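Heads up: numbering here begins at 1 and tracks the sequence. These numbers were taken from a predicted model, which means no experiment stands behind them.
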Amino acid sequence: MNSFSRYLPFVAAMALVVVASNILVQFPMQGTVGSLSLADLLTWGAFTYPFSFLVTDLANRRYGPAVARGIVFVGFATAVTCSILIPPLLYRYGLIEFDTAANRLARVAAASGAAFLTAQLLDVTVFNRLRRQSWWRAPIIGTLVGSIFDTMVFFTIAFSAAFAFAGPSDGFALESAPFMGLFHAETMRWISWAFGDLSVKLVIAVVALIPYRLLAARWSQPALA
């Protein structure tokens with residue numbers, strides 16, 4: 001078995017997670033919890049994207065940081081490409097109700113790519129420093145650090161008025177609304193979206209420890225690249 005074919009499952013899994021996330025992020029969750037409208041807080045993409053950290057951590061565990069970084073770069077290219085190509089296709093086939101201007105797509109693609117690259121490379125670095133400690137420490141701390149930076153970078157570049165030079169802003173995202181739809185204090189909607197997104201990432205990070213433990217337990221010492 002050649003080197004690439006050994007890594008192909010991780011490459012395919014990363015591409016699948018990124019493509020699924022870029023599709024599902026176009027669909028807000030429906031329903032309410034008390035007075036909270038879930039559509040104002042979360043999209044379905046929030047539930048798939050965190051598994052990109054699981055793929056990175058498993059690749060790091062199995063083959064070491066060099067291979068994990070290579071898989072991250074595949075995910076980066078996929079994230080940028082999907083952010084530009086997928087929304088127009090969804091609109092063309094009637095799966096979403098809105099079209100997005102090309103320069104707005106470019107801004108979202110830049111945000112997606114920058115966030116993915118920053119977060120995943122941080123995850124690889126943190127994981128590698130903690131890999132010889134308790135089995136759960138490296139994946140959970142690496143994912144925690146990566147998730148925080150991913151959320152900060154993506155939502156700031158994609159929605160903050162400070163990055164208006166990168167493309168047109170989303171007026172709805174910049175409007176004030178109750179924080180996370182629940183509190184009296186008001187803030188811009190994109191900040192509530194960021195906190196909602198991060199909350200889901202942290203919950204899934206804990207859940208993802210189960211498949212991580214099951215798969216990692218089958219492997220011996222990682223073969224560092």
Side-chain angles (χ1 to χ4, degrees), residues 18 21-30 32-33 35-50 52-53 72 75-91 95-123 143-204:
V18 172
S21 299
N22 274 273
I23 292 173
L24 292 173
V25 76
Q26 305 295 321
F27 297 94
M29 288 191 67
Q30 300 301 315
T32 59
V33 177
S35 60
L36 174 64
S37 173
L38 294 177
D40 292 335
L41 190 60
L42 291 170
T43 70
W44 286 106
F47 294 88
T48 54
Y49 180 80
S52 63
F53 292 101
V72 165
F76 166 75
T78 306
V80 173
T81 302
C82 289
S83 296
I84 294 174
L85 297 181
I86 286 179
L89 287 175
L90 295 177
Y91 176 73
L95 296 175
I96 57 176
E97 298 178 354
F98 53 88
D99 195 9
T100 305
N103 48 1
R104 178 65 188 158
L105 283 175
R107 178 172 174 180
V108 172
S112 178
F116 184 90
L117 203 58
T118 301
Q120 297 292 333
L121 292 179
L122 272 172
D123 180 34
T143 300
L144 172 63
V145 173
S147 295
I148 291 172
F149 275 86
D150 181 87
T151 301
M152 288 173 54
V153 173
F154 176 77
F155 282 92
T156 301
I157 295 177
F159 297 109
S160 171
F163 280 83
F165 64 87
S169 297
D170 182 326
F172 183 74
L174 293 174
E175 292 176 358
S176 293
F179 178 59
M180 297 187 74
L182 294 173
F183 302 96
H184 292 297
E186 292 198 350
T187 187
M188 288 176 285
R189 282 194 177 91
W190 71 265
I191 295 177
S192 292
W193 295 344
F195 274 90
D197 181 83
L198 180 59
S199 299
V200 172
K201 286 175 181 171
L202 298 184
V203 170
I204 293 180

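Pairs of residues two or more places apart, or lying in two chains, never qualify as salt bridge (Lys or Arg N to Asp or Glu O under 4.0 Å) while including a residue from residues 153-164. Each side-chain hydrogen bond (donor to acceptor under 3.5 Å, both in side chains) pair with one or both residues in residues 165-175, not counting sequence neighbours, appears once here: Arg107-Ser169, Glu175-Arg189. Within the structure, no pair that satisfies the salt bridge (Lys or Arg N to Asp or Glu O under 4.0 Å) test touches residues 75-89, not counting sequence neighbours.
Note that CG of Leu24 and OG1 of Thr48 are 5.0 Å apart. Values are rounded to the nearest 0.5 Å. In this structure, the separation between CG on Leu117 and CG on Leu122 is 10.0 Å, given to the nearest 0.5 Å. To the nearest 0.5 Å, atom CD of residue Gln30 and atom CG of residue Leu42 are 11.5 Å apart.
No donor-acceptor distance shorter than 3.5 angstrom exists from the side chain of Asp123 to the backbone of Ala119, with no hydrogens or angles considered. A donor-acceptor pair is defined here as one N or O able to donate and one able to accept, closer than 3.5 Å; such a pair exists between the side chain of Ser199 and the backbone of Phe195.
Phe53 meets the ring-ring contact (aromatic ring centres under 6.0 Å, His included) test with no other residue; sequence neighbours excluded. Judged as a ring-ring contact (aromatic ring centres under 6.0 Å, His included), and not counting sequence neighbours, Phe76 has no contacts. Scanning for ring-ring contact (aromatic ring centres under 6.0 Å, His included) contacts around Phe149 gives an empty result, with sequence neighbours left out. Phe172 meets the ring-ring contact (aromatic ring centres under 6.0 Å, His included) test with no other residue; sequence neighbours excluded. With sequence neighbours left out, Leu144 forms a side chain to side chain contact (heavy atoms under 4.5 Å, CB included) with Ile148, Leu202. Not counting sequence neighbours, the partners of Asp150 by the side chain to side chain donor-acceptor pair (under 3.5 Å) test are Tyr49, Lys201. Under the rule for a side chain to side chain contact (heavy atoms under 4.5 Å, CB included), the partners of Pro88 that lie at least two apart in sequence or sit in another chain are Leu105. Residues that satisfy the side chain to side chain donor-acceptor pair (under 3.5 Å) test with Thr43, not counting sequence neighbours, are absent from this structure. Checked against side chain to side chain donor-acceptor pair (under 3.5 Å), Ser147 has no partners two or more places apart in sequence or in another chain.
For the pair Asp197 and Phe154, the minimum side-chain heavy-atom distance is 4.5 Å or more. By the 4.5 Å heavy-atom criterion applied to side chains, Phe155 and Ser160 are not counted as neighbours. Residues Met188 and Phe159 have side chains not in contact (no heavy-atom distance under 4.5 Å, counting atoms from C-beta outward). The side-chain heavy atoms of Phe116 and Val72, taken from C-beta on, include a pair separated by under 4.5 Å. Two residues are said to be in side-chain contact when any heavy atoms from C-beta on lie closer than 4.5 Å; Glu186 and Phe179 fail this criterion.
Contact between Ser112 and Ala79 at its shortest, heavy atoms only, is OG-CB, 3.7 Å. The minimum heavy-atom distance linking Ala109 with Ile84 is given by the pair CB-CG1, 3.6 Å. Contact detail for Ala194 and Thr151: the closest heavy-atom pair is O-CG2, 3.3 Å. In terms of heavy atoms, Ala114 sits closest to Ile157 at CB-CD1, 4.0 Å. When all heavy atoms are compared, the tightest approach of Ile204 to Pro50 is CG2-CB, 3.7 Å.
When the shell of 6.0 Å around OH of Tyr91 is examined, it contains 12 or fewer heavy atoms from other residues, nucleotides or ligands.
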